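Structure, as structure tokens:
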Amino acid sequence: MAYENIKTKNRDGILWLTIGRPKVLNALNDQTITEIGSAFANARNDDSVRAVIVTGSGDKAFVAGADINELAKMTPIVGKFTSEKGQSVFLQIERFPKVVIAAINGFALGGGCELAMACHIRIASDRAQLGLPEVSLGIIPGYGGTQRMTRLLGKARAFELICSGDRISAMDAEKIGLVNKVVPPEQLIAAAEEMARKIMVRSPMAVRAAIEAINSGSDMPFEEGQVLESTLFGLLCASEDMREGMAAFLEKRQPKFPGK
Ligand code: COA
């Protein structure tokens, strides 16, 4: 599919996915959500993609939310379908079997904050601001934000941020664990790439299993999560990656993981 609202480029194994609607601060309209879903679906089984970095075009916004021009016209039925579609695309990102990093280059509000939360790791420019301002528009976050923020930060922070609609700085977001790292704007791309490459040299099979254990396990009772963990652990013992990782350690060399 030819994309109108996003750009994708594979640079040495990292798929850079850039939301490209700078005139509306990269707001997510229906077409953009479709394109993001399609890009992740294509990248899922593309072995040349080893990690994804999501960012926004321009220097002002990552994504300033769902497109309010579209939201303003929604009927209840369209509203429900729109929410379900965004939820399903963002779940696809969260469950993506290779690491997904958000490089937050500016405003990450509403759907933009929800998109960032669906990524596995968030690195922000010190100029970025994050928040879920939906209550100031008479709605609530509809792309998984009420659920993901509560799981990421706990109920106390989620109540405060979602019910106030406040925007917070990247530095405050780092303090509460909403972003992993804050860097000056000119270092953002390099910092996101460094994080991706650090993970890309690890075993792809192990990283995939870790993503599944963290994602699925965090929605299970502890003991069931441990069952999942031991099952994935056992499965990895059948992988070529495991044999290579152990052999490389014992032979005092760097591993070359086949990803099988
Ligand atoms: N949907 C549609 N258009 C949006 C948008 C959104 N979520 N966010 C920004 N835009 C548009 C603005 O309408 C404006 O368009 P215009 O140039 O035709 O007037 C353009 O992007 C630039 O935004 P502007 O508001 O002029 O920039 P600013 O620097 O003064 O403020 C924000 C930046 C992000 C604080 C402000 O745009 C904002 O509050 N946006 C909405 C955030 C939001 O509520 N998101 C949740 C939606 S559910």
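Indexing begins at 1, ligand by ligand and atom by atom, following the structure's order. Since this is a predicted model, take the numbers as computed values, not measurements.
Protein residues having at least one heavy atom under 4.0 Å from any atom of ligand 1 are K23, V24, L25, A27, K60, A64, G65, A66, D67, I68, N69, L71, F107, L109, G110, P133, E134, L137, R167, listed by chain and number.
Looking only at atom types and distance, the side chain of N26 has a donor-acceptor partner in the side chain of S57 under 3.5 Å away.
Between R151 and D219 there is a salt bridge, with a side-chain nitrogen of the basic residue lying less than 4.0 Å from a carboxylate oxygen of the acidic one. Using a 4.0 Å cut-off between charged nitrogen and carboxylate oxygen, E84 and K80 count as a salt-bridge pair.
Checked against side chain to side chain donor-acceptor pair (under 3.5 Å), E134 has no partners two or more places apart in sequence or in another chain.
Inter-residue side-chain proximity for T32 and V63 is flagged as unmet; no heavy-atom pair is nearer than 4.5 Å.
Among K260, K256, R253, the one residue that satisfies the salt bridge (Lys or Arg N to Asp or Glu O under 4.0 Å) test with E244 is R253.
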